[in-house]
Amino acid sequence: MVREIVHDVLFLKQKSTKADKNDMQIVTDLKDTLKANHDRCVGMAANMIGYNKRIIIFTAGIMDIVMINPVIVKKAQPYETEEGCLSLTGVRKTKRWEKITVEYQDTDFNKKRGEFTGFVAQIIQHECDHLEGIII
């Protein structure tokens, strides 16, 4: 189901809790909501649609990828950039890393480890910040 985008900063600042198999409806809602906003959005965290769970989705090329309980375990090559967010107005300066390694679970709850670079890495970092209650 397409969900409304949350703009409540107090909610967005809360740290998300671990997701489990009972949270699969959130995955469906994230997919539907990202699809409905593809013209202005490349990634979302569950808290952006009202769920305080550690789930993100992002666009990588022509496909959307879901990460459940993602953790960035390695970062390399820092740089500064500006980012916007559907949940907030305007853009903000932030530090990002060109290369990251992420451990996460896929939608079947299989453990995964992936290396990401460039813009996709930036999107993942932004969405993982949401999970930690960091607003960028």
Side-chain angles (χ1 to χ4, degrees):
M1 172 186 292
V2 175
R3 299 286 180 180
E4 286 190 37
I5 303 300
V6 172
H7 301 283
D8 180 353
V9 176
L10 293 177
F11 181 79
L12 295 170
K13 285 186 175 182
Q14 295 176 29
K15 194 170 181 175
S16 297
T17 60
K18 189 173 180 178
D20 60 34
K21 292 180 181 182
N22 295 319
D23 297 315
M24 290 309 293
Q25 182 60 47
I26 298 170
V27 171
T28 301
D29 291 351
L30 275 171
K31 287 178 180 180
D32 293 346
T33 307
L34 181 61
K35 183 177 180 179
N37 288 281
H38 257 161
D39 62 325
R40 59 192 185 122
C41 183
V42 291
M44 291 186 164
N47 68 347
M48 293 176 65
I49 59 169
Y51 300 103
N52 199 11
K53 292 290 185 167
R54 297 187 63 80
I55 306 171
I56 66 170
I57 187 170
F58 60 92
T59 301
I62 60 170
M63 61 189 294
D64 294 335
I65 298 172
V66 173
M67 290 182 170
I68 299 172
N69 301 314
V71 177
I72 298 170
V73 296
K74 187 175 179 184
K75 304 173 186 177
Q77 300 175 336
Y79 66 96
E80 289 203 13
T81 190
E82 290 186 344
E83 295 176 354
C85 181
L86 273 184
S87 290
L88 306 167
T89 57
V91 296
R92 284 146 302 283
K93 289 184 180 184
T94 189
K95 180 180 180 180
R96 293 292 180 221
W97 304 85
E98 179 66 27
K99 298 178 181 181
I100 62 170
T101 302
V102 184
E103 292 179 351
Y104 63 98
Q105 294 168 294
D106 64 17
T107 55
D108 293 321
F109 284 83
N110 296 313
K111 290 183 180 181
K112 300 285 186 178
R113 183 180 177 101
E115 294 183 9
F116 302 89
T117 61
F119 189 55
V120 171
Q122 183 178 341
I123 299 166
I124 294 168
Q125 291 169 77
H126 179 99
E127 303 314 331
C128 285
D129 279 354
H130 272 288
L131 302 181
E132 298 302 322
I134 299 168
I135 298 178
I136 299 293

Working to the nearest 0.5 Å, report the span between [atom1] of [X] and [atom2] of [Y].
| X | Y | atom1 | atom2 | result |
| --- | --- | --- | --- | --- |
| I56 | M48 | CD1 | CE | 11.5 Å |
| L86 | I5 | CG | CD1 | 5.0 Å |
| T94 | Y79 | OG1 | OH | 9.0 Å |
| I57 | D32 | CD1 | CG | 9.0 Å |
| T107 | F109 | OG1 | CZ | 8.5 Å |
| T28 | D23 | OG1 | CG | 11.5 Å |

Is there a chain of hydrophobic side chains (I, L, V, M, F, W, Y, each step under 4.5 Å between heavy atoms) that links [X] to [Y]?
| X | Y | answer |
| --- | --- | --- |
| Y51 | V2 | no |
| L34 | V6 | no |
| I124 | Y104 | yes |
| L30 | V42 | no |
| V27 | M44 | yes |

Which atom pair, heavy atoms only, marks the closest approach of [X] to [Y]?
| X | Y | answer |
| --- | --- | --- |
| T33 | M1 | OG1-O, 3.6 Å |
| P78 | K95 | CB-CE, 3.5 Å |
| K18 | K53 | O-NZ, 3.4 Å |
| G43 | C41 | O-SG, 3.0 Å |

- Message: With a 6.0 Å cut-off (strictly less than), is the heavy-atom count around CD of E82, excluding the residue itself, greater than 12?
- Response: yes
- Query: Does CD in E80 sit with more than 12 non-hydrogen atoms of other residues, nucleotides or ligands closer than 6.0 Å?
  - Reply: no
- Query: With a 4.5 Å limit on heavy-atom distance, are the side chains of K74 and E115 in contact?
  - Reply: no
- Can you name the residues that form a salt bridge (charged side-chain N to carboxylate O under 4.0 Å, His left out) with E98, not counting sequence neighbours? none
- Query: Angle class for the F58/F116 ring planes (parallel below 30°, perpendicular above 60°, tilted otherwise)?
  - Reply: perpendicular
Show me the donor-acceptor pairs within less than 3.5 Å that the side chains of residues 63-73 make with the rest of the protein, sequence neighbours left out.
residue: D64; atom: OD1; partner: H38; partner atom: NE2; Å: 3.2
residue: D64; atom: OD1; partner: T59; partner atom: OG1; Å: 2.9
residue: D64; atom: OD2; partner: H38; partner atom: NE2; Å: 3.4
residue: N69; atom: OD1; partner: A19; partner atom: N; Å: 2.8
residue: N69; atom: ND2; partner: A19; partner atom: O; Å: 2.9
residue: N69; atom: ND2; partner: Q105; partner atom: OE1; Å: 2.8

For residues 129-136, which side-chain donor-acceptor pairs fall under 3.5 Å, sequence neighbours excluded?
residue: D129; atom: OD2; partner: R96; partner atom: NH1; Å: 2.9
residue: D129; atom: OD2; partner: R96; partner atom: NH2; Å: 3.1
residue: H130; atom: NE2; partner: H126; partner atom: NE2; Å: 3.4
residue: E132; atom: OE1; partner: K15; partner atom: NZ; Å: 3.3
residue: E132; atom: OE2; partner: R54; partner atom: NH1; Å: 2.8
residue: E132; atom: OE2; partner: R54; partner atom: NH2; Å: 3.2

- Note on the structure: The side-chain hydrogen bond (donor to acceptor under 3.5 Å, both in side chains) partner of E103 among R113, K111, K112 is R113
- Message: Is it the case that the side chain of D106 and the backbone of D108 share a donor-acceptor pair, with hydrogens and angles ignored and the cut-off at 3.5 Å?
- Response: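 Yes: the side chain of D106 pairs with the backbone of D108.
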